[in-house]
Amino acid sequence: MTPIAPTKPRSFLEQVEAGTPGDSRLSMCIQCGTCGGSCPSAEDMDYSPRQIFAMIRADMKDRVLRSNSPWYCVSCYYCTIRCPQEVHITDIMYTLKHMAIEADLYRDSAAPDLSNTFVSYVENNGRSFEFGLATRHYLKHQPLNLVGAAAMGLEMFSKGRMDWRPEKIKQTKQLRAILKRAKAIEASQKMEAVA
Amino acid sequence: MSKYLFYPGCSLQRSARPYLDSLVAIKDDLDIELLEIDDWNCCGATEYISVARLPAYALNGRNLALAANQSNGTSTVVAPCSACYLNLAKTDRYMRIDPDLNASVNDALAAGGLHYDPGTVTVRHLLDIIYHQIGIEAIKRKVVRPLTGLRVAPYYGCMIVRPDYENRFGSPEYPDVLDQVLRALGATVVDFPVKTHCCGGHMTQISPPVAYELIRRLIYAADSYQADILATLCPMCQLNLDAYQDDMNKHFATDYSVPIVYFTQLMGLAFGHEPQELGLGKEMVDPRPALAKVGVAVEGMVSAETTSTKRHSQRRRKDDPSLPMPQPLIKEEDAS
């Protein structure tokens, strides 16, 4: 009988690295703080990017995924180009976002909802749909700002910069088949990683 | 005439329609032919990749595969939107350097009867093509209505110059490419230290005060350097700075009015096109006083004399909680 190698569940650091394409270089972080100092929204984050990376190494998965930090990332890539260790910080923030959605830990649902609503329009039509996205989002998350948003929306309509109906690509079936297959592959890869 | 595969992106169909209209108007002047990728889909912006990784890459993989199938004597894809540009370029790059990702994306694409070999097409931003392929000299030769006296703030935003995998723009923090294009049109390009700062991105939707502060920094800088108009090259930047400028003003009790246009619209004006043809007049912040300075009248035009051109440089409020910004050194005669 062949001995079964002892398996250790993957650390949070390993999970984040595996979830980021290419070499994320996350383990190379030297905690210098250049990322947080370069970040336009760091002061509004629960934890600066540097703190997030320290917490990832400390395996504090819940607190990282509960924080608003990845969602307040504006994808400006300042941290990424300034990082002396060339850590792919913006890509890591994307990884943390879908891990947070999956773990369903982030308490304020506005940001994940925006992403999910955007995705549902793309999956159904092949194109994004600003009017639908804005309406659904404001109704649920910023009802008090709905009047102001509607006024802006009307002006956008009157200037031909918004449409009531979504655009649709021709091959929606093909696109859905590709996305369905991609989701299945991703799910099976995660199963393998856990096994 | 050079041919390019063209990926317009969702924004250019509607909210950034003036960007598309102005590009179409000037493509003959630039002697380029744009072949739209047939049945292209959304690039996913920054949202799809937040929800799922592989589907987001497969989404862009489909566009790249369609482009490769359609490449007829050209393998360069031009994207005018910075987010589309980066998403397509990033997918191609990560498929090239991550064999597992490449295999998975192609596995997914096979479900739709498609395949893409990374590196088959090259993805480039419109500004990159205009600067490197068409060139400053060719632009100068086409100018019939120089934008003399128009003070323009050159705004790049983020995703065009960062991460800039191929180093096409020279500097990820203080590039000069757009400045040179605008100067070739005869415009006065103002110093703009925040030229690659963030416009707020999706924060307008998920936490507006965060976005308002980012918008304020840009508008404040443009106003302080006495720019008549701000030129952008990204639909998201244009939308945030133009459509949310009013909300930002309300939030900070300010009254800035900096019109935001696409650089292609300014090129079109300099090349002698009519403002309507370039989609001018669809902005939320009125660009007419600025355009009057170069003798361009948009329908129902107010003359420059009747419009106040007040400046706000010294108008910082005592209870303003934001960080102070250095004041620009502008001589009086410069400003007039």
Side-chain angles (χ1 to χ4, degrees), chain A residues 19-23 40-41 44 70-72 74-78 80-81 90 94-95 97-98 101 108 110-112 114-116 118-119 121-122 126-130 134 137 141-142 145 148 152 155-156 159-163 167 169-171 174-175 177-183 185-186 189, chain B residues 10-11 13-18 39-42 44-55 57-59 61-62 83 94 97-98 101 104-105 107-114 158-159 162-164 172-173 197-198 200-203 205-208 210 214 243 246-247 281-284:
Chain A
T20 311
D23 179 4
S41 42
D44 298 296
W71 299 101
Y72 274 46
V74 288
S75 305
C76 77
Y77 290 85
Y78 258 114
T80 303
I81 59 123
T90 312
Y94 290 134
T95 305
K97 286 186 207 185
H98 48 81
I101 289 183
D108 176 3
L114 180 76
S115 298
N116 277 318
F118 186 97
V119 165
Y121 282 117
V122 174
R127 298 275 168 90
S128 67
F129 180 38
E130 287 150 345
H137 191 73
H141 292 289
Q142 295 185 43
N145 293 337
M152 186 207 289
E155 199 177 341
M156 295 282 283
K159 293 186 169 168
R161 290 178 61 185
M162 228 192 233
D163 207 340
E167 290 209 13
I169 63 169
K170 286 176 272 179
Q171 299 266 21
Q174 179 197 45
L175 177 67
I178 292 171
L179 296 176
K180 193 178 161 198
R181 180 91 189 101
K183 284 177 197 170
I185 297 167
E186 195 156 75
Q189 284 170 348
Chain B
C10 301
S11 296
Q13 308 301 301
R14 272 297 156 216
S15 67
R17 189 75 197 191
D39 209 37
W40 56 270
N41 55 257
C42 173
T46 54
E47 304 308 318
Y48 209 119
I49 196 155
S50 307
V51 173
R53 185 182 73 141
L54 188 56
Y57 284 103
L59 188 73
R62 180 175 179 270
Y94 280 146
I97 62 178
D98 186 336
L101 183 73
S104 303
V105 169
D107 192 347
L109 289 177
L114 293 174
C158 302
M159 293 184 180
R162 286 185 302 274
D164 194 11
E173 301 204 21
H197 282 209
C198 174
H202 67 179
M203 296 313 287
Q205 305 305 308
I206 63 179
S207 183
V210 177
L214 299 181
D246 192 34
D247 288 358
K282 293 182 174 176
E283 300 76 16
M284 312 289 263

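Just so you know, these numbers come straight off a predicted model, no measurement behind them. To find a chain, count down the sequence lines: A is the first, B the second, and so on, and within it residues start at 1.
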Could you tell me which of [options] has the largest number of non-hydrogen atom pairs under 4.5 Å with chain A?
options                               : answer
B/Gly201, B/Pro172, B/Pro163, B/Ala58 : B/Pro163
B/Asp246, B/Ile97, B/Leu59            : B/Leu59
B/Leu214, B/Asp107, B/Asp39, B/Thr46  : B/Asp39
B/Ala83, B/Pro18, B/Ala243, B/Gly200  : B/Ala243
B/Met159, B/Glu283, B/Glu173          : B/Glu173
B/Leu109, B/Leu101, B/Val105          : B/Leu109

Should the heavy atoms of other residues, nucleotides or ligands under 6.0 Å from NZ of A/Lys180 be counted, would the total exceed 12?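 Check fails, neighbour count at 12 or below.
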
Using atom types as modelled and distance alone, determine if a side-chain donor or acceptor of [X] lies under 3.5 Å from a backbone N or O of [Y].
X        : Y        : value
A/Arg127 : B/Trp40  : yes
B/Gln205 : A/Ala134 : no
A/Lys183 : B/Pro55  : no
A/Arg161 : B/Ser15  : yes

Looking at chain B, which one of [options] has the largest number of heavy-atom pairs inside 4.5 Å, strictly under?
options                                : result
A/Ser75, A/Pro21, A/Gly19              : A/Pro21
A/Asp23, A/Val122, A/Asn145            : A/Val122
A/Pro112, A/Ala110, A/Ser128, A/Ala177 : A/Ser128
A/Thr80, A/Asp108, A/Leu175, A/Ile101  : A/Leu175

Closest contact, heavy atoms only, B/Ser104 versus A/Gln189: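 Minimum heavy-atom contact is OG-NE2, 2.9 Å.
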
Which heavy-atom pair separates A/His98 from B/Ala52 by the least distance, and what is that distance? CB-N, 4.0 Å

[X] versus chain B, heavy atoms under 4.5 Å apart: side chain, backbone, both or neither?
X        : result
A/His137 : side chain
A/Ile169 : both
A/Met152 : both
A/Thr20  : backbone
A/Glu186 : both
A/Asp44  : side chain

Chain A contact via [X] - which portion, at a heavy-atom distance below 4.5 Å:
X        : value
B/Met203 : side chain
B/Asp98  : side chain
B/Ile49  : both
B/Tyr48  : both
B/Asp247 : side chain

Can you tell me how far [atom2] of [Y] sits from [atom1] of [X], rounded to the nearest 0.5 angstrom?
X        : Y        : atom1 : atom2 : answer
B/Asn41  : A/Lys170 : CG    : NZ    : 12.5 Å
B/Met284 : A/Glu155 : CE    : CD    : 4.0 Å
B/Cys10  : A/Phe118 : SG    : CZ    : 6.5 Å

Flag the pair A/Pro40 / B/His197 as yes when at least one side-chain heavy-atom distance between them is below 4.5 Å, and no otherwise.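 No - every pair of side-chain heavy atoms lies 4.5 Å or more apart.
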
A/Asp163 and B/Arg14: salt bridge (charged side-chain N to carboxylate O under 4.0 Å, His left out), yes or no, with the steps? CA-CA 7 Å; A/Asp163 207 340; B/Arg14 272 297 156 216; 3.2 Å; yes

Side chain to side chain contact (heavy atoms under 4.5 Å, CB included) partners of A/Gln174, counting only residues at least two apart: A/Gln171, A/Ile178, B/Arg62, B/Leu114

Side chain to side chain contact (heavy atoms under 4.5 Å, CB included) partners for A/Ser41, two or more places apart: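 A/Ser41: side chain to side chain contact (heavy atoms under 4.5 Å, CB included) contacts with A/Cys39, A/Met45, A/Tyr72, A/Val74, B/Val210.
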
Are B/Arg162 and A/Tyr78 in a cation-pi contact, defined as NZ or CZ under 6.0 Å from the six-membered ring centre and within 45° of the axis? yes

